[in-house]
**Q** 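Here you go, one structure.
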2 protein chains.
Amino acid sequence: MEKVVLIFKDYLRKRGLKFTPEREVVLREVFSLHKHFDAEQLYQNLYKRKKKISRASVYRTLPLLVRAGLITETLRCQGRTSYEHIFGHGHHDHMLCIGCGKVIEFRSEKIEKLQKEICRKYGFKPVEHRLGIKGYCRECQKKIKMKKKLPLDREK
Amino acid sequence: MEKVVLIFKDYLRKRGLKFTPEREVVLREVFSLHKHFDAEQLYQNLYKRKKKISRASVYRTLPLLVRAGLITETLRCQGRTSYEHIFGHGHHDHMLCIGCGKVIEFRSEKIEKLQKEICRKYGFKPVEHRLGIKGYCRECQKKIKMKKKLPLDREK
DNA sequence: CTTGTTGCAAACTGTTTGCATATTG
DNA sequence: CAATATGCAAACAGTTTGCAACAAG
């Protein structure tokens, strides 16, 4: 944990930016969470905990953490940009359950390798990639089977 | 092309929705394009061509096309929801160049298969998946090499 | 003490919605 | 003619920004 603080400080120093209390609080909150989050959730968490940091600062800090290589954007769920920390966590891909919203993380060396191969073939230099599979998790499949028929998709 | 019209009509009829001139115009425009697009671009195209369809109708029609299985959302670039048509085009994945914005489409049977395997392992029933690789295309790599140093990432 | 940062509120952007009117099946 | 669609403008949600006061290096 102290390591990420050092990395962030270093990132900031190198470009003449400042390590402020607000930024530190955001950083620590991010790394105390162990799942995906978005700016608003983070803000709410801090707010409840009486750390009154403005939304603006949260929105301004997250991109810095991305550039510092500490967090990354993930699948967009319903319009909000969501993030997860990446440091010491390594790359992985996601399955997102349409039924309950659950996120399953996985990693496949084979897929990683194939991707690199394909990039090479196209002369493409990959920087980041993201694989997301939407579908239904085990539990939600059961729930669905219990209903006689799937409703028509007439909901909004 | 007439085939997609039939599919859409069928989709609409089955759920008591109407095949209106506006919907037809949007549908035809979508299928006359051969690249990714977003709601605003579509609206602008139609507007220039004197087909005055309201933004609201465009926004209301696109989700119908998605549900009809004719188009699909793609990578989100800069905040807008972007789509591509899928009919007769088949599934494929994307490389997105950070330098010039170019989109390279590719498809790997091996990756598709591995994904299915992984889903099976997790008891996950996939509905849709999306693999996006961000990086630099051949041309942009050359451009970058020509500069002595990469600029610090201090831009917004 | 200079430069970057904060918080606030206002501005923006993409998208959705309520409603009166018009159109489809 | 009943039910759905349209266009408009207003409403929304998430995010960004201008600015005056403030704080880090």
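Atoms considered below: every heavy atom in the structure, side chains included; atoms not considered: hydrogens, waters and symmetry mates. Note on naming: letters A, B, ... go to the chains in the order of the sequence lines (proteins, then strands), and numbering restarts at 1 for each one.
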**Q** Would you kindly give the CD-to-C1' distance between Glu24(B) and dT24(C), to the nearest whole Å?
**A** 14 Å
**Q** Out of dT15(D), dT16(C), dG7(C), which has the shortest distance to the side chain of Glu22(A)?
**A** dG7(C)
**Q** Tell me: CD of Glu73(B) to C1' of dT15(C), nearest whole Å?
**A** 12 Å
**Q** When you measure from the side-chain N and O atoms of Thr81(B) to the phosphate of dT15(C), is any distance below 4.0 Å, counting only OP1 and OP2?
**A** yes
**Q** To the nearest Å, how far apart are Arg23(B) CZ and dT24(C) P?
**A** 11 Å
**Q** Between Lys116(B) and Glu112(B) (salt bridge meaning N to carboxylate O under 4.0 Å), is one present in this structure?
**A** no
**Q** Let me know the distance between CG of Leu46(B) and P of dT6(D), rounded to the nearest Å.
**A** 13 Å
**Q** To the nearest angstrom, how far is Tyr11(A) atom OH from dG4(C) atom P?
**A** 14 Å
**Q** At under 4.0 Å between heavy atoms, how does the protein contact nucleotides 18-25 of chain D? Give one character per nucleotide, 5' to 3', with B, S or -.
**A** B----BBS
**Q** Below 4.0 angstrom, N of the basic side chain to O of the carboxylate: do Arg28(A) and Glu24(A) qualify?
**A** yes
**Q** Report yes if a side-chain nitrogen or oxygen of Arg55(B) is closer than 4.0 Å to either non-bridging phosphate oxygen (OP1 or OP2) of dT15(C); otherwise report no.
**A** no
**Q** Rounding to an integer number of Å, can you tell me how far Gln41(B) CD sits from dG14(C) P?
**A** 11 Å
**Q** Rounded to whole angstroms, how far apart are CG on Leu64(A) and P on dT5(C)?
**A** 8 Å
**Q** Nearest heavy-atom pair of Pro126(B) and Ile133(A): which atoms, and what distance?
**A** CB-CG2, 3.7 Å
**Q** Is there a donor in the side chain of His36(A) and an acceptor in the side chain of Asp38(A), or the other way round, less than 3.5 Å apart?
**A** no
**Q** With a 4.0 Å limit, can you tell me whether Tyr59(B) has a side-chain N or O closer than that to the phosphate oxygens OP1/OP2 of dT15(C)?
**A** yes
**Q** I'd like to check the side-chain hydrogen bond (donor to acceptor under 3.5 Å, both in side chains) partners of Ser54(A); sequence neighbours left out, ordered by chain and number.
**A** Ser57(A)
**Q** Quick one: which of dT6(D), dC8(C), dT15(D) gets closest to the side chain of Ser54(A)?
**A** dC8(C)
**Q** One thing to verify: whether Arg55(A) and Glu40(A) come together as a salt bridge, which I'm taking to mean a side-chain N less than 4.0 angstrom from a carboxylate O.
**A** yes
**Q** Considering non-hydrogen atoms only, spot the tightest contact between Val66(A) and Tyr83(A) and give its length.
**A** CG2-CE2, 3.8 Å
**Q** Would you kindly give the CZ-to-P distance between Arg80(A) and dT16(D), to the nearest whole Å?
**A** 14 Å
